[in-house]
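Below, read A as the first sequence line, B as the second, and so on, with proteins coming before strands; counting in each chain starts at 1. Both backbone and side-chain heavy atoms feed into the values below; hydrogens, waters and symmetry mates do not.
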2 protein chains.
Amino acid sequence: MDVATYQALIEALNKAGHRLTAQRLAICRYLASSHEHPTPATVYAQVRQQLPSLSLATVYNTLALLRELGVITEMGADMGGTRYETDAHPHVNLICLRCGQVVDMPLPDLTAVQAALAAQSAFELRNLRLDAYGLCPDCRQSQPLSADEKTTYA
Amino acid sequence: MDVATYQALIEALNKAGHRLTAQRLAICRYLASSHEHPTPATVYAQVRQQLPSLSLATVYNTLALLRELGVITEMGADMGGTRYETDAHPHVNLICLRCGQVVDMPLPDLTAVQAALAAQSAFELRNLRLDAYGLCPDCRQSQPLSADEKTTYA
DNA sequence: TTGTGTGCAAAGCATTTGCAATACT
DNA sequence: AGTATTGCAAATGCTTTGCACACAA
């Protein structure tokens with residue numbers, strides 16, 4: 001698990017005056033150890049192994065809280081639910097338009113961009129996110145967007 | 001309405017071999033004229049004024065199709081449904097973490113970034129998207145997230 | 001003409017909500 | 001002690017699906 005990320009999550013909760021319950025700590029621990037982009041259901045299933053009494057509603061509550069604090073971000077709900085990602089290290093998400101696969105890549109330096117945005121807007125910025133949409137190697141090869149596919153991204 | 005955007009949408013459908021039905025044309029026309037970030041329900045309500053027989057399922061189908069073609073993108077489903085946005089002109093989305101409000105801003109030059117990504121990945125890139133998360137002026141003032149409480153935690 | 005696209009309504013699920021019980025601070 | 005938070009389960013929609021009909025190509 002990424003300890004720095006874990007502590008960042010905990011500290012965000014703490015600083016905002018939210019209680020550090022066993023459920024929240026466990027969820028944060030999982031988020032800090034997952035290098036994927038889990039859905040609420042996934043988080044629930046995994047954390048439940050350590051905390052059998054955990055409720056799905058609590059997972060939703062906690063994810064919403066962390067999202068509002070800006071320490072995790074919500075990705076499009078492509079299939080089977082919204083996915084969340086922990087903002088550990090800045091990166092670009094390469095997202096396949098067809099199968100929804102997400103690949104991470106190192107992020108170019110955007111601090112200048114962020115500074116410019118902060119200066120030009122009245123928003124209190126928490127984080128930036130750069131997504132690149134396209135077709136992954138598999139889908140690209142299987143058939144470049146042709147007529148006989150109407151099916152949804154499954 | 002933005003004619004260029006409209007034609008881009010139509011051409012994307014056409015090139016991929018999809019039929020240009022009245023429903024699809026009407027939906028594209030609305031998307032090209034809306035400078036907001038409509039939900040499927042909004043699209044349905046609006047387009048229905050011109051095309052009373054339109055079905056909500058068709059709206060979902062068409063939006064999914066356009067999204068897969070990469071000409072519109074899906075934004076997080078913050079409240080009341082997923083929102084879509086037409087990729088007319090490059091811009092940054094300033095998204096409020098609390099109320100979900102979205103404000104557009106001009107996009108800094110990212111062609112270098114896109115070129116780098118294209119070179120380093122096997123993806124066939126369709127578009128880039130930059131989102132900035134934070135608190136909008138209203139939410140920022142109504143309740144600052146940072147309570148200055150300092151506490152120690154394990 | 002052919003097979004894609006549409007409409008309708010019901011089914012499928014992700015997400016939220018209300019309230020009593022629990023437990024963090 | 002006081003109150004934020006949890007768990008449970010039902011409620012709430014958003015989204016999808018199946019099938020028969022309509023219509024672009």
Just distance, no hydrogens or angles: give the donor-acceptor pairs under 3.5 Å from side chains in residues 25-33 of chain A, sequence neighbours left out.
unit_1	atom_1	unit_2	atom_2	d
A:Ser33	OG	A:Arg29	O	3.3
A:Ser33	OG	A:Tyr30	O	2.9

(message) Whole angstroms only, please: what is the CG-C1' distance between B:Leu63 and C:dG5?
(response) 15 Å

Between the protein and nucleotides 17-21 of chain C, which nitrogen or oxygen pairs come in under 3.5 angstrom?
none

(request) Compare every heavy atom of B:Cys96 with every heavy atom of A:Phe123, then report the nearest pair and how far apart it is. (result) CE2-N, 3.7 Å

(request) Please answer whether the main-chain N or O of A:Thr58 pairs with a side-chain N or O of A:Thr62 as donor and acceptor at a distance below 3.5 Å. (result) yes

(request) Apply the side-chain contact (heavy atoms from CB on, under 4.5 Å) test between A:Tyr84 and each candidate in A:Leu66, A:Val43, A:Leu63; give the one that qualifies. (result) A:Leu63

(message) Let's see if you get this right: which residues in residues 19-32 of chain B place a heavy atom under 4.0 Å from DNA chain D?
(response) B:Arg19, B:Leu20

(message) Does a side-chain N or O of B:Thr82 approach OP1 or OP2 of D:dC14 to a distance below 4.0 Å, or not?
(response) no

(request) Output all residues satisfying salt bridge (Lys or Arg N to Asp or Glu O under 4.0 Å) with A:Glu36, sequence neighbours left out; order by chain, then residue number. (result) none

(request) Drop me the distance from B:Leu65's CG to B:Leu13's CG, to the nearest 0.5 angstrom. (result) 5.5 Å

(message) Looking at D:dG7, I'd like to know if its phosphate oxygens (OP1 or OP2) sit under 4.0 Å from a side-chain N or O belonging to A:Ser53.
(response) yes

(request) Before accepting this row, confirm whether a basic side-chain N of the pair B:Asp131/B:Arg129 lies closer than 4.0 Å to the acidic partner's carboxylate O. (result) yes

(request) Quick one: closest heavy-atom pair of A:Leu69 and A:Ala16, and the distance? (result) CD2-CB, 3.7 Å

(message) If I take atom OH in residue B:Tyr44 and atom P in nucleotide D:dG13, what distance separates them, rounded to the nearest angstrom?
(response) 17 Å

(request) Nearest-nucleotide wise, let me know which of A:Ala64 and B:Leu56 is further upstream toward the 5' end of DNA chain C. (result) B:Leu56

(request) Please report the closest heavy-atom contact between B:Leu125 and B:Leu117, naming both atoms and the distance. (result) CD1-CB, 3.8 Å

(request) Scan side-chain atoms only and decide if B:Thr39 and B:Arg83 contain a donor-acceptor pair under the 3.5 Å cut-off. (result) no

(message) With rounding to the nearest 0.5 angstrom, report the CG to CE distance, B:Asn93 to B:Met105.
(response) 11.0 Å

(message) In whole Å, I'd like the distance from the NE2 atom of A:His18 to the C1' atom of D:dT3.
(response) 14 Å

(message) Using whole Å, what does the distance between atom P of nucleotide D:dT6 and atom CZ of A:Arg48 come to?
(response) 15 Å

Protein-nucleotides 11-13 of chain C N/O pairs under 3.5 Å:
none

(request) Please check if any side-chain donor atom of B:Glu85 sits under 3.5 Å from a side-chain acceptor atom of B:His91, or the reverse. (result) yes

(message) From CD1 of A:Ile10 over to C1' of C:dT25, roughly how many Å is that when rounded to an integer?
(response) 16 Å

(message) Determine whether a donor-acceptor pair (N or O, by modelled atom type, separation under 3.5 Å) exists between the side chain of B:Arg140 and the backbone of A:Ala122.
(response) yes

(request) Figure out the CG/P separation between B:Leu65 and C:dT4, and round it to whole Å. (result) 13 Å

(request) Identify the heavy atoms of B:Leu128 and A:Ala132 that sit nearest to each other, and give their distance. (result) CD2-CB, 3.4 Å

(request) Establish, with yes or no, whether the OP1 or OP2 oxygen of D:dT16 is under 4.0 angstrom from a side-chain nitrogen or oxygen of B:Tyr60. (result) no

(message) Measure CG/B:Leu51 against P/C:dG5 and give the value in whole Å, please.
(response) 17 Å

(request) State, to the nearest 10°, the angle formed by the axis through the first five base pairs of the helix from C:dT1-D:dA25 to C:dT25-D:dA1 and the axis through its last five. (result) 60°

